[in-house]
*Asks:* 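Quick one: the structure is below, and I'll ask about it shortly.
These numbers come from a predicted model, not from an experiment. Residue numbers run from 1 in the order of the sequence given.
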Amino acid sequence: MNKKKMLTTGLAVALAVLLLIGGGTFAYLQSNSNDVKNSFKANKVMVDLKETTGQDYDMIPGTSQEKDPTVTVDATVDAYVYVEVTDATEGLVDYAIADGWKALPGFDGVYYREVAKADAAQTFGVLKDNKVTYSKALENSDMLDADGTLKDGVELTFKAYAIQQKGFDDAVAAYKQVPAEAGTAADVEEAVKAGKAVELTDDVTVKAQILGDENVNIDLNGKTMTVNGSYTEVADGESLVLENGTVNWLNQGTSPVAIQMKTGSTAKLKNITSDLGNNCILVTDGTEGATLDIIDSKLT
């Protein structure tokens, strides 16, 4: 066999080997499953409150007027729906809450109902017979301030909230997760003592001790909160959440501590800019299971 023929034969064998390796079919032990496709349904809980009878009323003894605050609920899951009634009428305006609403235990002026999921929006009147009345017993003296001028600021205010039912033990637990709007220190203190989450509507100055109440959750909503007084103690097993704003600590030299963690407590500072005022966040020796989360925040 000449060299040319040997070269050709060798090339053919090499090509055959390459084809066997690269393009050949092998029967390994193998298997595959069918696709398991998971679909997740989006849901919503929406609420609105409107009146068609206007906002201005004349108080005339012995008469009544139509007033129809109406809650509209658009929910694809079962929901708790709440109405907060703020009564600043000094007893001059009489009304009753419509059937189907129940007083929420522990919260004055708050009523709730359970609303089942539905394909279409559902509406619920707030006042019985959609009206307010004025007693025949009202006199001029009831309508006048001490200086003889007509009373001002006689108001009846309604606000509606809705939240999913699933995930909460009851209507009270769910309501506590609905943020209370707070624009003053008094608003913050009232909401915190009621166990409610808080959303600031203005800059406030609060006492450090208030932030140590049971499970405090404050969304600063871009506002500034100044903390005054001694220091905040997050008690055993309790939590403190501050997020989305600025917190400045002024303890007036009473303590080098801004926040003191206790056993099993949790503190979370998220999206916070904070001047600790030369103070510290303290976990004392012997404290067990305390958790401190600082997320996207700047502490000075």
*Asks:* Are more than 12 heavy atoms, taken from residues, nucleotides or ligands other than N278, located less than 6.0 Å from that residue's CG atom?
*Replies:*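 It does not: N278 CG has 12 such atoms or fewer within range.
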
*Asks:* Any chance you could measure L269, atom CG, to I281, atom CD1, to the nearest 0.5 Å?
*Replies:*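 Here the rounded value is 5.5 Å.
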
*Asks:* Please check: side-chain N/O of E243 versus main-chain N/O of K270, any donor-acceptor pairing under 3.5 Å?
*Replies:*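 No; judged by distance alone, with no hydrogens or angles, the pair does not exist.
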
*Asks:* Which residue, L138, T89, D142, V93, forms the side chain to side chain contact (heavy atoms under 4.5 Å, CB included) with M59?
*Replies:*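 The option that passes is V93.
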
*Asks:* Q209 vs Y231, test: side-chain hydrogen bond (donor to acceptor under 3.5 Å, both in side chains). Steps then yes/no.
*Replies:* CA-CA 6 Å; Q209 292 86 341; Y231 62 91; over 6 Å; no

*Asks:* Should the heavy atoms of other residues, nucleotides or ligands under 6.0 Å from NZ of K117 be counted, would the total exceed 12?
*Replies:*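 No, not enclosed.
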
*Asks:* Show the nearest heavy-atom pair for residues V198 and A191, with the distance to one decimal.
*Replies:*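 Closest approach of V198 to A191, heavy atoms only: CG2-CB, 3.6 Å.
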
*Asks:* What's the shortest heavy-atom distance between Y82 and A171, and which atoms?
*Replies:*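 That closest heavy-atom pairing would be OH-O, 2.6 Å.
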
*Asks:* Within a strict 4.5 Å, meaning less than it, do heavy atoms of the I218 and V241 side chains meet?
*Replies:*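 Answer no - side chains too far apart.
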
*Asks:* Determine, for D213 against K193, whether the closest basic-nitrogen to carboxylate-oxygen distance falls under 4.0 angstrom.
*Replies:*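 Here D213 pairs with K193 in a salt bridge, since their nearest N and O are under 4.0 Å apart.
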
*Asks:* Working note: K67 + F158, criterion side chain to side chain contact (heavy atoms under 4.5 Å, CB included); need CA distance, chi angles, decisive distance, verdict.
*Replies:* CA-CA 12 Å; K67 182 171 179 60; F158 302 89; 3.5 Å; yes

*Asks:* Out of curiosity, N130 CG to E51 CD, how far, rounded to the nearest 0.5 Å?
*Replies:*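 Going from CG on N130 over to CD on E51, the span is 9.5 Å.
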
*Asks:* Ring pair (Phe, Tyr, Trp, His ring centres under 6.0 Å), that's the test. Do F107 and Y175 meet it? Break it down for me.
*Replies:* CA-CA 10 Å; F107 294 90; Y175 181 68; 4.9 Å; yes

*Asks:* Hey, does the side chain of N221 reach the backbone of T201 with a donor-acceptor pair shorter than 3.5 angstrom?
*Replies:*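 It does not hold such a pair.
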
*Asks:* Under the side-chain hydrogen bond (donor to acceptor under 3.5 Å, both in side chains) criterion, do Y95 and D87 qualify, and how do the steps go?
*Replies:* CA-CA 11 Å; Y95 59 90; D87 189 338; 2.8 Å; yes

*Asks:* Take L49 and T70 through the side chain to side chain contact (heavy atoms under 4.5 Å, CB included) test and state the conclusion after the steps.
*Replies:* CA-CA 5 Å; L49 188 149; T70 301; over 6 Å; no

*Asks:* Determine, step by step, whether D202 and K223 satisfy the salt bridge (Lys or Arg N to Asp or Glu O under 4.0 Å) criterion, reporting the C-alpha distance in whole Å, the side-chain angles of both residues, the deciding distance to 0.1 Å, and the verdict.
*Replies:* CA-CA 6 Å; D202 204 351; K223 305 298 188 292; over 6 Å; no

*Asks:* Is E114 close to Q165 at the side-chain level, that is, under 4.5 Å between some pair of heavy atoms?
*Replies:*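 Contact flag for Q165/E114 side chains = yes.
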
*Asks:* Quick one: side chain to side chain contact (heavy atoms under 4.5 Å, CB included) partners of D147, sequence neighbours excluded?
*Replies:*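 For D147 the side chain to side chain contact (heavy atoms under 4.5 Å, CB included) partners, ignoring immediate neighbours, are D145, T149.
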
*Asks:* How many angstroms lie between OG1 in T133 and CG in D94, if you round to the nearest 0.5 Å?
*Replies:*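 It comes to 4.5 Å.
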
*Asks:* Tell me whether D68 contacts the main-chain N or O of T52 through its side chain, where contact means a donor paired with an acceptor under 3.5 Å.
*Replies:*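 Present.
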
*Asks:* Applying side chain to side chain contact (heavy atoms under 4.5 Å, CB included) to T86 and L156, what does each step give before you reach the verdict?
*Replies:* CA-CA 6 Å; T86 304; L156 191 59; over 6 Å; no

*Asks:* Run the salt-bridge test on K151 and E90 with the 4.0 Å N-O cut-off and return the result as yes or no.
*Replies:*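 E90 and K151: salt-bridged.
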
*Asks:* Using distance alone, with no hydrogens and no angle criterion, decide if D219 and N244 have a side-chain donor and acceptor under 3.5 Å apart.
*Replies:*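 Yes, a side-chain donor-acceptor pair sits under 3.5 Å.
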
*Asks:* Would you say the side-chain atoms of Q122 pair up with the backbone N or O of A116, donor to acceptor, closer than 3.5 Å?
*Replies:*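 At least one qualifying donor-acceptor pair exists.
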
*Asks:* How close do L276 and A258 get, heavy atom to heavy atom, and via which atoms?
*Replies:*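 The pair with the smallest heavy-atom distance is CD2-CB, 4.1 Å.
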
*Asks:* Say you draw a straight line from CG of L211 to CG of L242; how long is it, rounded to the nearest 0.5 Å?
*Replies:*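 With rounding to 0.5 Å, CG (L211) is 6.0 Å from CG (L242).
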
*Asks:* For E66, look at atom CD and say whether over 12 heavy atoms of other residues, nucleotides or ligands are found less than 6.0 Å away.
*Replies:*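 No, the 6.0 Å shell around CD holds no more than 12 heavy atoms from other groups.
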
*Asks:* Do you know which two heavy atoms are closest between W101 and F124, and how far apart they sit?
*Replies:*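 Of all heavy-atom pairs spanning W101 and F124, the closest is CZ2-CB, 4.0 Å.
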
*Asks:* Taking atom CE of M143 as the centre, report whether more than 12 heavy atoms of other residues, nucleotides or ligands fall under 6.0 Å from it.
*Replies:*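 It does: M143 CE has more than 12 such atoms within range.
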
*Asks:* Mind checking the CD1-CG spacing from I259 to L282? Nearest 0.5 Å is all I need.
*Replies:*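 Interatomic distance, I259 CD1 to L282 CG, rounded to 0.5 Å: 10.5 Å.
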
*Asks:* Do L127 and V132 have side chains that get closer than 4.5 Å, going by heavy atoms?
*Replies:*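 Yes. Closest side-chain heavy atoms under 4.5 Å.
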
*Asks:* Counting C-beta onward and ignoring hydrogens, is there a side-chain heavy-atom pair between V85 and I97 closer than 4.5 Å?
*Replies:*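 Yes; the side chains approach each other to less than 4.5 Å.
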
*Asks:* I would like to know whether D48 and V71 meet side chain to side chain contact (heavy atoms under 4.5 Å, CB included); could you show each step before the answer?
*Replies:* CA-CA 6 Å; D48 193 17; V71 176; over 6 Å; no

*Asks:* Can you pull the side-chain hydrogen bond (donor to acceptor under 3.5 Å, both in side chains) pairs that have at least one residue in residues 285-300, sequence neighbours excluded?
*Replies:*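 Applying side-chain hydrogen bond (donor to acceptor under 3.5 Å, both in side chains) to every pair that reaches into residues 285-300, excluding sequence neighbours, yields T284-T287.
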
*Asks:* Quiz question: by atom type and distance under 3.5 Å, do the side chains of N215 and S239 form a donor-acceptor pair?
*Replies:*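 Looking only at side-chain atoms, S239 and N215 do form a donor-acceptor pair, the distance falling under 3.5 Å.
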
*Asks:* Please give me the minimum heavy-atom distance between A98 and G125, naming the atom from each residue.
*Replies:*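 Residues A98 and G125, closest heavy atoms: CB-O, 3.5 Å.
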
*Asks:* If we ignore angles and hydrogens, is there a donor and acceptor under 3.5 Å between the side chains of Y80 and D170?
*Replies:*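 Judged by distance alone, the side chains do not pair up.
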
*Asks:* Is there a side-chain contact between M225 and V206 in this structure, where contact means two heavy atoms from C-beta onward sitting under 4.5 Å apart?
*Replies:*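 Answer yes - side chains close enough.
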
*Asks:* Nearest 0.5 Å please: distance from the OG1 atom of T266 over to the CG atom of L292.
*Replies:*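 Here the rounded value is 9.5 Å.
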
*Asks:* Could I get the full list of side chain to side chain contact (heavy atoms under 4.5 Å, CB included) partners for A162, not counting sequence neighbours?
*Replies:*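 Side chain to side chain contact (heavy atoms under 4.5 Å, CB included) check on A162 returns V45, V47, V81.
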
*Asks:* With no hydrogens and no angle check, is any side-chain donor or acceptor of Q164 less than 3.5 Å from a backbone partner on K166?
*Replies:*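 Between the backbone of K166 and the side chain of Q164 there is a qualifying donor-acceptor contact (under 3.5 Å).
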
*Asks:* Which heavy atom of W249 sits nearest to which heavy atom of T232, and what is that distance?
*Replies:*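 The pair with the smallest heavy-atom distance is CZ3-OG1, 3.4 Å.
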
*Asks:* Are side-chain N/O atoms of Q177 and Y161 paired as donor and acceptor at under 3.5 Å?
*Replies:*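 Not at all, the side chains of Q177 and Y161 share no donor-acceptor pair under 3.5 Å.
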
*Asks:* Without swapping roles, check the side chain of D35 against the backbone of K37 for a donor-acceptor pair under 3.5 Å.
*Replies:*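 Side chain of D35 to backbone of K37, a donor-acceptor pair under 3.5 Å: no, none is there.
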
*Asks:* Going by atom types only, do T76 and N43 share a side-chain donor-acceptor pair under 3.5 Å?
*Replies:*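 Yes - a donor-acceptor pair under 3.5 Å links their side chains.
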
